[in-house]
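Have a look at the structure below before the remarks.
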Amino acid sequence: MTQRLRNALDQYCTQTRCTASNTFADATLDRVGLADRYTVVNSPLGDVFVAWNSRGVSALRQAGDAEAFTRWFNKRFSRRALPAQAEPEIVGLVRRALAGENVDLPVDLRDCTPFEAAVLAKAREIPKGHARPYAWVAREIDHPRAVRAVGSALANNPVPLLIPCHRVVRSDYTCGDYVFGSERKRRLLRDEGLRLEPIQELARRGVRYIGQPEDNCFCLPTCGTNVIAEGHTGFHTVEEALAQGLEPCSTCRPIAAA
DNA sequence: TGGGTGACGACGC
DNA sequence: AGCGTCGCCACCC
């Protein structure tokens with residue numbers, strides 16, 4: 001496809017006024033892989049740019065300079081992002097997802113490696129109000145020593161918030177880095193009800209697991225917001241917890257499956 | 001192609 | 001306690 005043809009199609013698309021024609025142009029450009037569409041949507045971090053195509057949501061970044069966003073998008077994905085002239089259904093799904101609803105949102109991960117896709121899929125399983133260590137993600141996807149690579153894969157998450165990479169934290173329960181800065185990551189977790197500070201304090205004293213007598217199991221301290229509570233005992237090692245007759249929690253899976 | 005580079009983690013002071 | 005160091009592994013020129 002020549003650059004000239006590309007430009008002609010872009011021009012057609014941006015100059016056309018009729019909504020129906022634009023929808024048609026959107027679909028045509030998308031089908032030939034030339035351009036995604038983007039718009040601004042509100043999120044827990046304020047307004048964000050969201051881009052999509054027929055496969056699903058392709059990108060999410062903080063709103064601001066549209067020029068800078070489209071430059072970034074083109075460099076990252078080697079295709080264009082054009083302002084949307086209609087709002088397809090997927091944008092409604094994005095709004096609901098960003099409002100905290102559990103919606104089944106299609107995401108375009110075609111440029112991810114299989115390893116990155118596995119990391120992102122695993123991050124997507126972490127419920128709101130929970131957090132998991134980077135090393136936990138590595139273990140769960142059967143690359144237990146690829147902990148740094150998990151960090152790199154999450155750093156590459158094309159759709160932060162929608163794939164909740166902010167719920168992956170360091171093993172000492174400090175929050176670790178984030179595309180939008182660790183301060184925002186901390187705020188997101190706090191707004192989901194998770195207080196990391198007391199958990200960091202426990203970790204410093206060597207407490208890694210918490211017994212849940214009411215469920216006869218033991219958890220990671222970040223398995224939801226009700227783990228740290230009166231009458232719950234902390235354990236330094238898995239063996240200590242097992243010795244109490246407790247089973248590993250089936251939600252946070254504190255140890256590798258047997 | 002092979003060495004450089006990270007949103008990490010364990011260890012040593 | 002907090003820092004530096006080093007090993008780790010996937011990915012990128």
Side-chain angles (χ1 to χ4, degrees), chain A residues 43-46 48-49 58-62 71-79 107-192 194-210 219-223 234-240 252-256:
Chain A
S43 85
L45 293 178
V48 291
F49 289 124
S58 52
L60 184 151
R61 298 283 112 169
Q62 289 198 295
R71 260 202 317 276
W72 167 82
F73 187 94
N74 181 254
K75 184 177 162 69
R76 165 87 192 251
F77 299 107
S78 304
R79 58 182 195 269
V107 171
D108 177 11
L109 298 180
R110 90 183 91 148
D111 77 317
C112 290
T113 66
F115 177 83
E116 289 171 330
V119 169
L120 294 175
K122 186 52 67 175
R124 224 174 176 185
E125 293 176 13
I126 306 171
K128 186 196 290 206
H130 289 233
R132 306 281 183 266
Y134 291 93
W136 179 93
V137 173
R139 193 198 78 209
E140 284 269 320
I141 63 170
D142 289 319
H143 290 244
R145 293 178 305 285
V147 182
R148 289 190 79 167
V150 165
S152 302
L154 292 173
N156 254 329
N157 179 7
V159 287
L161 295 177
L162 298 172
I163 292 180
C165 58
H166 61 279
R167 296 182 191 143
V168 184
V169 299
R170 292 180 162 189
S171 289
D172 62 2
Y173 296 100
T174 57
C175 88
D177 217 336
Y178 189 49
V179 248
F180 303 137
S182 55
E183 188 46 54
R184 290 195 180 88
K185 181 172 178 179
R186 241 186 314 277
R187 181 165 70 237
L188 286 169
L189 291 173
R190 190 192 55 211
D191 291 348
E192 294 184 3
L194 200 56
R195 319 233 31 122
L196 287 181
E197 296 79 3
I199 294 172
Q200 289 166 24
E201 176 58 27
L202 288 172
R204 242 175 283 135
R205 308 198 324 246
V207 175
R208 306 253 274 279
Y209 311 100
I210 310 289
C219 289
L220 297 177
T222 49
C223 182
F235 301 107
H236 291 222
T237 65
V238 172
E239 288 68 30
E240 277 178 54
C252 65
R253 296 187 291 279
I255 58 176

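Convention: sequence-line order gives letters A, B, ...; per-chain numbering from 1.
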Original post:
Base, sugar-phosphate alone, or nothing: which one does A:C175 contact when heavy atoms must sit under 4.0 Å apart?
Top reply: nothing
Subject >> Shortest non-hydrogen contact between A:N157 and A:R61, atoms and distance >> reply: O-NH2, 3.1 Å
Original post:
Roughly, in whole Å, what's the span from CG in A:D111 to C1' in C:dC11?
Top reply: 13 Å
At a cut-off of 3.5 Å, list every protein nitrogen or oxygen paired with a nitrogen or oxygen from nucleotides 9-13 of chain B, distance to 0.1 Å.
unit_1: B:dG9; atom_1: OP1; unit_2: A:A135; atom_2: N; d: 3.4
unit_1: B:dG9; atom_1: OP1; unit_2: A:S171; atom_2: N; d: 3.4
unit_1: B:dG9; atom_1: OP1; unit_2: A:S171; atom_2: OG; d: 2.8
unit_1: B:dG9; atom_1: OP2; unit_2: A:S171; atom_2: N; d: 3.0

**OP:** Can you tell me the distance, in whole Å, between the CZ atom of A:R139 and the P atom of B:dC8?
**Re:** 19 Å
Original post:
What integer distance in Å separates A:E183:CD from B:dA7:P?
Top reply: 18 Å
Original post:
Hey, what do you get for CD1 (A:I255) to OH (A:Y209), rounding to the nearest 0.5 Å?
Top reply: 7.5 Å
Original post:
What parts of residues 151-160 of chain A reach DNA chain B, counting only heavy atoms under 4.0 Å away?
Top reply: A:G151, A:S152, A:L154, A:A155
Original post:
Which value, rounded to the nearest 0.5 Å, describes the distance between A:I199 atom CD1 and A:L220 atom CG?
Top reply: 10.0 Å
Original post:
Should A:R110 and A:D108 be marked as a salt bridge (Lys or Arg N to Asp or Glu O under 4.0 Å) after you check the CA-CA gap, both sets of side-chain angles, and the distance that decides it?
Top reply: CA-CA 6 Å; A:R110 90 183 91 148; A:D108 177 11; 2.8 Å; yes
Original post:
To the nearest angstrom, how far is A:E201 atom CD from C:dA1 atom C1'?
Top reply: 11 Å
**OP:** Once you apply the 3.5 Å cut-off to both distances, tell me the Watson-Crick or G-U wobble partner of C:dA10, or none.
**Re:** B:dT5
Subject >> Spacing between A:R132 atom CZ and B:dC8 atom P, to the nearest angstrom >> reply: 19 Å
**OP:** To the nearest 0.5 Å, tell me how far A:E116 CD sits from A:I141 CD1.
**Re:** 10.5 Å
Original post:
Residues two or more places apart in sequence or in another chain: which of them pass side-chain contact (heavy atoms from CB on, under 4.5 Å) with A:R187?
Top reply: A:L45, A:R184, A:R190, A:D191
Original post:
Rounded to the nearest 0.5 Å, how far apart are NZ of A:K122 and CZ of A:R132?
Top reply: 9.5 Å
Original post:
Heavy-atom distance under 4.5 Å between the side chains of A:F73 and A:R79, does that happen here?
Top reply: yes
Original post:
Start at the 5' end of DNA chain C and walk down; is the nucleotide closest to A:E116 or to A:R204 reached first?
Top reply: A:R204
Original post:
Checking all strands, does A:V168 fall into the base, sugar-phosphate, or nothing category for heavy-atom contacts under 4.0 angstrom?
Top reply: nothing
Original post:
What are the two closest non-hydrogen atoms of A:R208 and A:H236, and how far apart are they?
Top reply: CG-O, 3.7 Å
Subject >> Nearest to side-chain heavy atoms of A:C165, which nucleotide of C:dC9, C:dC11, B:dA7 >> reply: B:dA7
Original post:
If only side-chain N and O atoms of A:H143 are considered, is one of them under 4.0 Å from the OP1 or OP2 phosphate oxygen of C:dA10?
Top reply: yes
